[in-house]
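Everything on this sheet refers to the single structure shown next.
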Amino acid sequence: MGNVEKAYRLAKERYAEFGVDTDKAIQALSEVSISLHCWQGDDLGGFESPDAVLTGGGIQATGNYPGKARTADELRSDLRKTLDMIPGKHRLNLHSMYAETHGKKIERNKLLPEHFASWIDWTKENCSGLDFNPSCFSHPKAADGFTLSHADSGIRNFWIEHCIACRKIGEAAGKTLGSPCVTNIWIPDGYKDIPIDRKGPRERLKQALDEVFTETIRPEYNLDAVESKLFGIGSESYVVGSHEFYMGYTLKHNKLLCLDTGHFHPTESIADKISSVLTFLDEILLHVSRGVRWDSDHVVILSDELKAIAEELVRGNFLKRTHIGLDFFDASINRVAAWTIGTRSMIKALLLAMIEPAQRLRDYEATGDFTARLALLEETKNLPSAAIWDYYCEQHNVPVGMKWVAEVKNYEHAVLAKRT
Ligand code: RNT
Ligand code: ZN
């Protein structure tokens, strides 16, 4: 028996003393899929054209670490490498600007499922499903920062058509892959400085969304989500699609609300929102990210906030109603490593939540023994969870501990370094 298994056996006994079945927990963990965002691999560049407009929307990646994927094949290769470092079966989250049009310029409002055929095939081989996003930024028609809520009906209609096209692509992907595609709409619309009219753009956005969602698509193929934001770079004073706006919209129209962990006031807890919104909504989408000061998209780490989110999902039995997507982009470190760190952290957080001595904590709470509740929460923090995690990785044939870093460095030397 190797050391990893030996350590697991001991850890399993320790957890059993607290009434936790670690075998059961790792089985449950293997059933959770995380949606990996394609855009970490190329700093949100996409493949529309080499001279694509790469800014706008306040979501530009910073850093110039060498080796960024330049083509869809390179991106898929990097994603494959990432998946090899991550235990479990996961999903791919694609943006429409990663279409493969084979040199032909296709306007975003004319995109079709065929432009994503290679992605869908690849997903079938490598992932458990595909999620999708209209790209309402990095485009001349988004240059002034407004899209679906634009005052110009021509521009508004272009983005409405784009979102409709994306829902159809989502539907086709969901049908082919046998797993519903979550198509998430995020728009950058907002003002840097104080607006006079906060109402008008919101009325236009509501109307535009109604048009986007006119056609009913079967939920076993496509699920619609909308993503709010408090502010962005260049939209500090006003964002049309605020939390209250989309909360209202999703409740009224039974859509999925997307909560991005970087899109709230820095002291707000996203974990605390989950049980509130899921009291009224059927399902939600999470964009797990890490806000640092004004940036909302640092690589996810095993922070208290991440742990709290995972705890809420497990404690509330919300995993079946929550689609977990990642949303960060860092161009200052190896991109495959960034993906791997963020995804492994998300899975670790879920594992920690699943091996929490839940019953005992609930009993303490129910009997009003808040002293023991706090004491056990603290004692739980350094139970030997690392041994469970290592064993989980080993069981799933992915590198244990820092071994994955060595593998990613090899990949960097062999593949990434050759991209100039
Ligand atoms: C931007 C949103 C959005 C994007 C991706 C690329 O603030 O978080 O989700 O990051 O769609
Ligand atoms: Zn997001």
Side-chain angles (χ1 to χ4, degrees), residues 34-48 52-62 69 75 91-99 108 130-139 142 145-148 159 162-163 166 169-170 181-190 192 224-236 238-243 245-246 250 256-266 270 273 284-300 305-306 309 322-331 335 338-339 342 346:
I34 311 293
S35 197
L36 265 77
H37 53 314
C38 74
W39 50 95
Q40 165 56 57
D42 76 329
D43 316 340
L44 265 157
F47 305 125
E48 281 173 325
V53 193
L54 283 184
T55 53
I59 52 168
Q60 205 184 357
T62 50
L75 189 58
R91 302 174 64 86
L92 172 64
N93 195 4
L94 202 60
H95 244 284
S96 77
M97 60 190 194
Y98 291 77
R108 289 189 191 174
L130 184 76
D131 299 310
F132 201 64
N133 306 263
S135 310
C136 303
F137 51 87
S138 300
H139 189 279
F146 282 84
T147 61
L148 284 179
W159 292 112
H162 174 51
C163 290
C166 288
I169 294 160
C181 173
V182 179
T183 300
N184 176 53
I185 299 180
W186 172 75
I187 57 165
D189 304 29
K192 179 186 175 80
D224 301 301
V226 285
E227 178 179 0
S228 70
K229 195 166 184 172
L230 178 64
F231 74 92
I233 295 176
S235 61
E236 290 83 356
Y238 170 72
V239 166
V240 183
S242 63
H243 178 57
F245 179 90
Y246 284 128
T250 52
L256 276 68
L257 181 67
C258 172
L259 299 172
D260 183 309
T261 56
H263 286 190
F264 292 85
H265 192 279
I270 283 65
K273 298 181 191 300
I284 56 168
L285 167 65
L286 292 182
H287 266 192
V288 182
S289 182
R290 177 166 55 109
V292 175
R293 304 205 189 278
W294 54 80
D295 176 62
S296 61
D297 300 291
H298 272 54
V299 177
V300 166
E305 174 66 4
L306 186 70
I309 288 169
T322 306
H323 303 261
I324 306 175
L326 301 174
D327 184 11
F328 53 81
F329 27 96
D330 191 336
R335 293 170 185 79
W339 254 325
M346 183 70 240

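Just so you know, ligand 1 is whichever comes first in the structure, and atom 1 is the first atom listed for that ligand. Quantities reported herein were computed from a predicted structural model and do not represent experimental measurements.
- When Asp330, Asp43, Asp42 are each tested for a side-chain hydrogen bond (donor to acceptor under 3.5 Å, both in side chains) with Arg335, only one passes: Asp43.
- Numbered from 1 in the order shown, with element, the atoms of ligand 1 that lie under 4.0 Å from a heavy atom of His263 read 1 (C), 2 (C), 7 (O), 8 (O).
- Atoms of ligand 1 lying under 4.0 Å from any heavy atom of His95, numbered from 1 in the order shown and given with element: 5 (C), 6 (C), 11 (O).
- Counting only distances under 2.8 Å, and ignoring water, the protein N, O or S atoms around the Zn ion (ligand 2) are Glu227 OE2, Asp260 OD2, His287 ND1, Asp327 OD2.
- Remark: ligand 1 and Asp327 share an N or O pair separated by less than 3.5 Å (distance only, no angle test).
- Residue-ligand proximity, Leu44 to ligand 1, at heavy-atom distances under 4.0 Å covers atoms 6 (C).
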Does the pair Ser289 and Asp327 meet the rule for a side chain to side chain donor-acceptor pair (under 3.5 Å), with working shown? CA-CA 5 Å; Ser289 182; Asp327 184 11; 5.7 Å; no

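- Annotation for ligand 1: atoms under 4.0 Å from non-hydrogen atoms of His287 are 9 (O).
- Proximity to Lys229 (heavy-atom distance under 4.0 Å) selects the following atoms of ligand 1: 1 (C), 7 (O).
- Shown here are the salt bridge (charged side-chain N to carboxylate O under 4.0 Å, His left out) partners of Asp260, two or more places apart in sequence or in another chain: there are none.
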Can you list the steps and then say if Leu230 with Phe264 is a side chain to side chain contact (heavy atoms under 4.5 Å, CB included)? CA-CA 5 Å; Leu230 178 64; Phe264 292 85; 5.5 Å; no

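- No donor-acceptor contact under 3.5 angstrom links the side chains of Trp39 and Asn93, judged on distance only.
- Ile233 places a side-chain heavy atom less than 4.5 Å from the side chain of Trp294.
- With respect to Arg290 and Glu305, no salt bridge is recorded, no charged nitrogen being found less than 4.0 Å from a carboxylate O.
- No side-chain heavy atom of Thr62 sits under 4.5 Å from any side-chain heavy atom of Gln60.
- Partners of Thr322 under the side chain to side chain contact (heavy atoms under 4.5 Å, CB included) rule, at least two apart in sequence or in another chain, are Leu278, Ile284, Leu286, Leu313, Phe318, Ile324.
- On a distance-only criterion, Glu227 and ligand 1 share at least one N/O pair closer than 3.5 Å.
- Considering backbone and side-chain N/O of Asp260, one or more are found under 3.5 Å from N/O of ligand 1.
- Under the rule for a ring pair (Phe, Tyr, Trp, His ring centres under 6.0 Å), the partners of His162 that lie at least two apart in sequence or sit in another chain are Trp159.
- Ligand 1 has no atom lying under 4.0 Å from any heavy atom of His37.
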